[in-house]
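Written out below as structure tokens is the structure these notes cover.
What you see is a predicted model, and the numbers here were worked out from it, not measured in a lab. Letters A, B, ... mirror the listed sequences (proteins, then strands); counts begin at 1.
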Amino acid sequence: MTDLPEGPAGLHQRVLTWYDDHARVLPWREPDASPWAVMVSEFMLQQTPVARVLPVFAAWMDTWPTPAGLAAASTGDAVRAWGRLGYPRRALRLHGAATAIVTEHGGEVPSSLEELRALPGVGDYTAAAVASFAFGQRHVVLDTNVRRVLARSLTGVEFPGASVTRAERDLATGLLPDDEPTAATWAVAVMELGALVCTAATPRCGSCPVSDLCAWQRAGMPAYDGPPRRGQAWAGTDRQCRGRLLGVLRDAHEPVHRSRLEAVWSDAVQRSRCLDSLVHDGLVARLSADTYALP
DNA sequence: AAACCGTGGTG
DNA sequence: TCACCAAGGTT
């Protein structure tokens, strides 16, 4: 399975010790951080770097310290508070999750993987992360950092594949410490190693606690030779157009006339399509034939 | 299953 | 400079 000279225990020990010495101090990792705080952080961290999440997270928790608080707010307030974190549909999903927590779970963030997974915006990763980080449970927490660490250290390739495979999940499962609290710490520790040392672009192998037993390292750090990892186009796309349109509404605190939306995107066909999609998504409200606002 | 969904920092 | 990338989820 893992083909480790010392067995998994050696790997655990090294990574856990490294984490003890190098873990970042983050608000959602404080001992008094609530499950709700952990959940909010996980939503915000989906595809958004820690540095940009920190200030928005602080303001968000100050405004809505509980799920009930957010559920009582309008979705428009949530979208505005989301600021420029990107992927604003996450703000709607977090609002939806808060609403479901109030109506179906008595206002308390549920602790079971199945109940978490059923909330809007919560997929396999986020459900496992909240169950593990907030409730100390033993689960495979497989994010992009963990996948990269396992790909390199155990599989011996520079990058993991496009999607999580059964073999990958089995590998991570076999690596999970038996003890529940240790498994929870292991989950966050491997993730942190991927975030700080085993990074995508320029890994700091000289500072890595497992570099001497890393399969990729021992193979001579062979360059990635899998299928091209396509980046996402941006200039001129609907995503850019939607971002511009929503930005106007987010920065305005009164309904906006369509002329102000026309001013930020010249292609009328695309602009109209994007505005319709924003309304369809619930990110924008059409107040009249020619005025718009956040919902 | 592949495409889509924002934004800004970085080497 | 400009691809690449960042604690994914949904369809």
_Closest heavy-atom pair and its distance - A:Tyr125, A:Glu42_ =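 Heavy atoms of A:Tyr125 and A:Glu42 come nearest at OH-OE1, 2.8 Å.
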*Quick one: closest heavy-atom pair of A:Met61 and A:Ser34, and the distance?*
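Smallest interatomic distance, heavy atoms only, reads CE-OG, 4.5 Å.
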What integer distance in Å separates [X]:[atom1] from [N]:[atom2]?
X	N	atom1	atom2	value
A:Tyr125	C:dG9	OH	P	8 Å
A:Arg117	C:dG9	CZ	P	7 Å
A:Asp124	C:dT11	CG	P	15 Å
A:Arg148	C:dA6	CZ	C1'	9 Å
A:Asp143	C:dG8	CG	C1'	9 Å
A:His280	B:dC5	NE2	C1'	14 Å
A:Leu92	C:dT11	CG	P	12 Å
A:Leu142	C:dG8	CG	P	11 Å

Hey, does [X] reach any base, or is it just sugar-phosphate, or nothing, if we go heavy atoms under 4.0 Å?
X	value
A:Leu94	nothing
A:Ser163	nothing
A:Ala200	sugar-phosphate
A:Ser41	nothing

Anything under 3.5 Å between a protein N or O and an N or O of nucleotides 6-8 of chain B, put it in a table, one pair a line.
unit_1 : atom_1 : unit_2   : atom_2 : d
B:dG6  : OP2    : A:Arg242 : NE     : 2.5
B:dG6  : OP2    : A:Arg242 : NH2    : 3.3
B:dG6  : O4'    : A:Tyr87  : N      : 2.8
B:dG6  : N7     : A:Tyr87  : OH     : 3.3
B:dG6  : N7     : A:Arg239 : NH2    : 2.5
B:dG6  : O6     : A:Tyr87  : OH     : 3.0
B:dG6  : N1     : A:Gln47  : O      : 3.3
B:dG6  : N2     : A:Gln47  : O      : 3.2
B:dG6  : N2     : A:Thr48  : OG1    : 3.0
B:dG6  : N2     : A:Leu85  : O      : 2.9
B:dT7  : OP1    : A:Arg250 : NH2    : 3.3
B:dT7  : O2     : A:Arg52  : NH1    : 2.9
B:dT7  : O2     : A:Arg52  : NH2    : 3.4
B:dG8  : OP1    : A:Arg84  : NE     : 2.3
B:dG8  : OP1    : A:Arg84  : NH2    : 3.4
B:dG8  : OP2    : A:Arg84  : NH2    : 3.1
B:dG8  : O4'    : A:Arg52  : NH1    : 3.4

*Quickly, which of A:Arg93, A:Gln47, A:Gln46, A:Arg239 forms a side-chain hydrogen bond (donor to acceptor under 3.5 Å, both in side chains) with A:Tyr87? Name it, please.*
A:Arg239
*Only one of A:Tyr19, A:Trp18, A:Trp186 clears ring pair (Phe, Tyr, Trp, His ring centres under 6.0 Å) with A:His12; which?*
A:Trp186
_Give me the distance, rounded to whole Å, that separates B:dA2 from C:dA7 when you measure between the C1' atoms they each carry._
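Looking at atom C1' only, B:dA2 and C:dA7 are 23 Å apart.
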*Rounding to the closest angstrom, what is the interatomic distance between B:dA3 and C:dC4 at atom P?*
16 Å
*Are there more than 12 heavy atoms of other residues, nucleotides or ligands under 6.0 Å from atom CD of A:Glu262?*
yes
*For A:Arg166, does the CZ atom sit with more than 12 other heavy atoms under 6.0 Å from it, leaving out its own atoms?*
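No, not enclosed.
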*Quick one: on DNA chain C, does A:Trp28 or A:Leu119 contact a more 5' nucleotide (nearest heavy atom)?*
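Here A:Trp28 is the residue nearer the 5' end.
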_Against A:Leu26, only a single residue in A:Val53, A:Leu45, A:Val50 fulfils side-chain contact (heavy atoms from CB on, under 4.5 Å); can you say which?_
A:Val50
